[in-house]
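The structure appears below as C-alpha cells.
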Amino acid sequence: MADKQHLYLVDGSSYIFRAYHRLPPLTNPQGTPVGAVYGYTTMLWKLADDLHKADGPTHLAVILDASGVSFRNEIYDQYKANRPEPPEDLKPQFPLIRDATRAFSLPCIEEEGLEADDLIASYARAAAKRGWDVTIVSGDKDLMQLVGEEVEPDDGFAPGKVDMLDTMKNQRIGIPEVIEKFGVPPEKVGDVLALMGDSVDNVPGIFGIGPKTATKLIQEHGSLQAALDAAPDMKKSKLKERLLEGREMAELSRVLVQLKEDCALPMQLDDLKLDAVPKEPLAEFLAHHGFTSLLKRLDGGTGSPARKTDLHPAKQDNQARAAAPEGSRQALPEMPPVDCSAYECVQSMERLEHWIARAFAARKVALDTETSSLDALQASLTGISLALGPNDACYIPLGHGGTDMFAEKPEQIGRDAALAALKPLLESDAVLKIGQNIKYDLNVLARHGIAVAPVDDTMIISFALDAGRSMDGIGGGHGMDELCQRHFGHTPIAFKDVCGTGKKAIPFGEVPLDRATEYAAEDADVTWRLHRLLHPRLAHEGSTRIYERVDRPLIPVVAEMERNGIRVDRAALARLSEEFATRIGEIEAEVHEIAGQEFTIGSPKQLGEILFDKMGYKGGRKGKSGQYSTDQAMLEKLAAQDDAPIAQKVLDWRQLSKLKSTYTDALQAAINPETGRVHTSYSLVGAQTGRLSSTDPNLQNIPIRTEIGRQIRTAFVPEAGNVLLAADYSQIELRLAAHMADVPPLKEAFARGEDIHARTAEELFGHVDRDTRARAKTINFAILYGISRWGLATRLGTEPDEAQAMIDRYFERFPGIQRYIVATLEGVRERGYSQTLFGRKTWFPRISSKNQAERQGSERAAINAPIQGTSADIIKRAMVRMLPALQDAGLGNVKMLLQVHDELVFELPESEVEAASKVIEKVMGEAALPAISLDVPLAVEIGHGTSWDAAH
DNA sequence: GGCCGAACGTA
DNA sequence: GTACGTTCGGCCC
C-alpha cells in the first residue's frame, strides 16, 4: 500500500437538484429534458479525469436516495413532508442519473430506508478508519458534520482526513470552511442544525431560532443539551421561552440531523476502486443523449477519462450489482469465530489504563459485570469485562478469592481504584456502553456511585426487532446464549459450567481467573458482536423510533425505580399471615370433616378424587392429563347447583392459601435488609406486546379486587411524612380501540366523559340498566381480547349462537371495529407482524397455521397486541418524561416507585401532592404527543394516602 | 434438583 | 377471548 487511498463519495441526489437550477434547459434527441443529467455527466467526467492526480480519487462511488421514506420518517412523520414536488422537467431525469453513473462503469449505491447522507457518513467513517482520505462531493450543509479527521483509526492506520468538494463552486471545504459557515467546528454542526431546523427537510428546530441564534447558543453553552439544560436558569426572555417550549422539538431535530455512521455497507470499500473508465458503454450513453462535445473528447482521446478500454472483471461485477439493487438485504458484517483464548485478564492498573484509553478511542465498548447474585441490589461486584471488537475483550477481576481466609487471593487491582479509573469512561457522553440487559449493570454500578451513560442494550434491540418471532424449534427469547446461538451458531460458555448449579454452585469470585476470563470476556465479546449485527437492523427494519424514543430512554428510568423500591410494613404482613393461617387451619378441618378423611386440599388431583369419586358429584374428566377439573368455575358450579358446602370452603381455602403463600409470606421474605424496602425487577422484554413484566417479587399482581386481598395493599406504605400517590389511566385500552378503530360514538362518549359501558349498552340494547351495562362491559373487553363466540358465550353465560348474534350487533353498531379487526389480520398475514401506533412490532409466525386452534389463538393475540402495545408505549413515554418534568417543576423529591401497566405509583412529601399531581396528570395525559394526536382524551385518575390501598 | 400443569393474582 | 408471574403438587432424573 504505497500510495494513500482517496475515496470520493458523490452525493448524486443533491447534485441533480443543484445542476437543474443552475443549468439551462436542454433536451436530448428524443425530447427528454436532460439539462441536469448533462451537468451531472460533466461532473463525473471531471472527477474521473482526476484519477491518479494529487488529491484525486483512487476509489469512487455515487450515493443516491433510494426512495422518499427513511427511518427518519418513523421518528418524525413530518420529515421532508413539506418538500414540494420536483419540477415536471426534472422528474424524468432522476432515473437517468443511474444510467449516467453506469455509463461511467462506476458503482452506484442506494439502500431502502436510508438516505444518501447516511450511506455517505458510513462510507466516510469506514474509509477514514482505514486511514483513507475521503472527499464528499456535495454542497449539502448537513454533510459538513463529517468534515475532519478520524479520531479512532483501526489499529495500525494513520488517521484519514475527510473534506468536501463543492464542484459547483469549485471549492474545497475543510474544518476552517465549516467554522466559517457555522461558527462552530464540524462535530457541533449537528447541534446548530437541530436548533435552527431546516425548512426544506422540514426538520422543525425551535421556532424563532435561526442560524445566528443557534450558532451563538452552541458557542456559549458548548452543546445543544447544555443550552437546553441552561434554559430554565436563563433570565426571562423570548429566547428562554422558546428554548423551554421547543426543547422536545430540538431533541427530535437533533436525532433527525444525526447522520447514521454505522450503516452496513452494501459494497465493500475495496470494490469501489476506480479503474480507467471503459469507452463503452459511455460512448453509447453520450451519443444517445446528444452530448456531442463530450463524445468528441472521448473519441479524440484527449483529456478524456477513457485511457483503457478493457473492462476489469471485478468492475463488471460491481456494475451488475449496482444496476440491480437487491432491496434492503445486506451482507452480514464479517466477524472471526469466537476465540476464548484471545482474551486478556487485566491484573494491573497499567493494563487497565490501556484498555480505558482504547475504549475512549473506540467510542463504544461492550460491558458486562460479574457478581455474586442475580439480584442487582444485593449483589457484590466480582469483576467487569469489556469488549472493543470481535475477540478483542478483557476481564478485570475485582473480587476474586477471599472466601477462604488462608488461601492466597489472586493478583488483582483493588476494586475502588479500578472503579475510580473506569468511572470517567463509564460516564462519558462520548462513549457508548453496550450491554446485554444493561439495566442490571446500571444498578450494580449505581451502588458504587457510577452513573453509566449513554447505553445501548442488545437484549432490548433484539426485542424491538424480533418480539414474538419464534418458530418451531427456534426459541424466540432474547437472552444472550439464545441470541448467540441463533445469530452466530455459537454456544457461549454456560454459567452453570463455570459455577455449577444448585448446592454445588460456587460464587463467581471462586472461579479461577483463567476460566473466569474466558467466560466473562466472552460475554462482553458476544454482546459487542450482537450490537454490530442487530443495531443496524433497527433502521433497516423501521424500529428505530420505538427503540430510540421509548425503550432505550426507559432503561435508566426503570433502573432507578428498581433501586427506589417500596416500603412494606413487615409487622402488618406478619399479622395478616397469622390471621390467614388460623382461618386456613379452621377451614381445613371443616373440609376434612365433610370429606370424611384427611387429604391435601391443595392437590387438585386428590381434591378431584374426593369430590367426584368419593362424594359422587357430577363432573367430567378433562384434558390429556386425565385429571378432574377443580378450578374456580367448577367449584362455583358445584356450590350453586349441587349445593355442595365443601366447594365453597375449598374456594375460601384456596383464596387464603394464595394470599398467604404468594403475598403475606413472600413479601416479608422479599424485604431488602439494607433498605428495608421491596425492590422488584422489571423486565423490558417480558411481554410480547411491549408491556413490562415484574418479578422477584411480582408487584404487578398485588390483590385489589376482593376486600380480603386488598388488605395486603395496606401494608405498602410511605416513609414517615410522605404519602403514596397512585395515578391510573382510565379505560386506556378502550380509548385506544375507539381511536384506532375509529368508532365515532365511542370517541364522542369519551370526549364527553360519559360512562363508556353505559353508552355501549345504549347502542346495543337500546336502554341502560344494571344487566345491559354489565353485558356491554363484557363485550367491550371481549373486543380488546380478540373476540370469539365461544369465549364470549362463557363469559355471558349464554349459548355461542347468542354470543355470535351479540358480536354481529356490535359490528353493526360499530363498523369501525370490524374494519379494524379485518385490516389488522390482513396486515399481520401479509407482513408477519402487527404494529402499535408508535411502530412497535409484534410478530405472529403462527398466524397462518393449519392448526385451527393455534391459528385462532394467534389471531386473537394479533387483534389485541396493537391496543395493549400502544397502551404500553404510552405509559412508557410518560415514564421517560416524568422525572425531568417533575424536576423542572421543582419536585425533585418525588420518587417514581412502581408501574402496573396503566398505573404509576409515586412516593412524595405530603406537602407536594397538589403540585406533583398536576405535573403527573399532564405528563400522562399528553404522553402520546407530539408523535400521535389521539381522537380521544387520555383521562388520568389520581389518588394519594398513607398506603397503596388508601391511594386508590 | 428440575420441570410441568393447574390454579389464581393483576391489567 | 389478551398479556403476564408465582406457588403448589406431582412426577422425573
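Given the structure is predicted, the values throughout are model-derived calculations rather than measurements. Throughout, a chain's letter reflects where its sequence line sits, starting with A, and its residues are numbered from 1.
- Between the NZ atom of A/K496 and the C1' atom of B/dG2 there is a distance of 12 Å, rounded to whole Å.
- The footprint of chain A on DNA chain C, defined by a heavy-atom cutoff below 4.0 Å, extends from C/dG1 to C/dC11.
- Regarding A/H952, its NE2 atom lies at a distance of 11 Å from the P atom of B/dT10, rounded to whole Å.
- Residue A/E733 is out of contact with every strand shown, counting any heavy-atom pair closer than 4.0 Å.
- A salt bridge links A/K439 to A/E562: at least one charged side-chain nitrogen sits closer than 4.0 Å to a carboxylate oxygen.
- With respect to A/K618 and A/D642, no salt bridge is recorded, no charged nitrogen being found less than 4.0 Å from a carboxylate O.
- Residue A/Q632 is in sugar-phosphate contact alone, with no base atom involved, counting any heavy-atom pair closer than 4.0 Å across all strands shown.
- Using a 4.0 Å heavy-atom cutoff across all strands shown, A/R860 reaches sugar-phosphate atoms only and no base atom.
- A/K605 has no side-chain polar atom (N or O) that falls below the 4.0 Å cut-off from OP1 or OP2 of B/dA6.
- A/S577 and A/D665 form a side-chain donor-acceptor contact under 3.5 Å, judged by distance and modelled atom types alone.
- At the heavy-atom level, A/S871 lies nowhere under 4.0 Å from the strands shown.
- Remark: P of B/dG9 and CD of A/Q711 are 15 Å apart, rounded to the nearest angstrom.
- As a whole-Å value, the separation of A/R713 CZ from B/dA11 C1' is 10 Å.
- Protein atom CD of A/E636 is 13 Å distant from nucleotide atom P of B/dA7, rounded to whole Å.
- Sorted by residue number, the members of residues 654-670 of chain A with any non-hydrogen atom under 4.0 Å from DNA chain B read A/R654, A/K658, A/Y663.
- For A/R773, the side chain to side chain donor-acceptor pair (under 3.5 Å) test picks out A/D755, with sequence neighbours left out.
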Donor-acceptor contacts, no H, no angles, side chain residues 822-829 of chain A, under 3.5 Å, sequence neighbours left out:
unit_1, atom_1, unit_2, atom_2, d
A/T824, OG1, A/Y820, O, 2.6
A/R829, NH1, A/E859, OE2, 3.4

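- If you check the side chains of A/D481 and A/Q485, you find no donor sitting under 3.5 Å from an acceptor.
- Contact check of residues 780-806 of chain A against DNA chain B (heavy atom, cut-off under 4.0 Å) returns no residues at all.
- With sequence neighbours excluded, the residues forming a ring-ring contact (aromatic ring centres under 6.0 Å, His included) with A/F599 are A/H592, listed by chain and number.
- The residue A/Q606 sits close only to the backbone: its heavy atoms come under 4.0 Å of sugar-phosphate atoms, none of a base.
- Nucleic acid contact for A/S858: none, since no nucleic acid atom lies under 4.0 Å from a heavy atom of the residue.
- Remark: A/E578 does not engage A/R575 in a salt bridge, criterion side-chain N to carboxylate O under 4.0 Å.
- Look at A/E588 and A/R654 and you find no salt bridge, because none of the NZ, NE, NH1 or NH2 atoms lies under 4.0 Å from a carboxylate O.
- The separation between A/I702 atom CD1 and B/dC8 atom P is 18 Å, rounded to whole Å.
- A donor-acceptor pair shorter than 3.5 Å cannot be found between the side chains of A/Y663 and A/N698.
- Whole-Å rounding puts the A/F580 CZ to B/dC8 P distance at 16 Å.
- With A/F580 as the aromatic partner, A/K660 does not meet the cation-pi criteria of under 6.0 angstrom to the ring centre and within 45 degrees of the ring axis.
- The distance from atom CD1 of A/I867 to atom C1' of B/dA11 is 14 Å, rounded to the nearest whole Å.
- Salt bridge status for A/D801 with A/R789: absent, with no side-chain N to carboxylate O gap under 4.0 Å.
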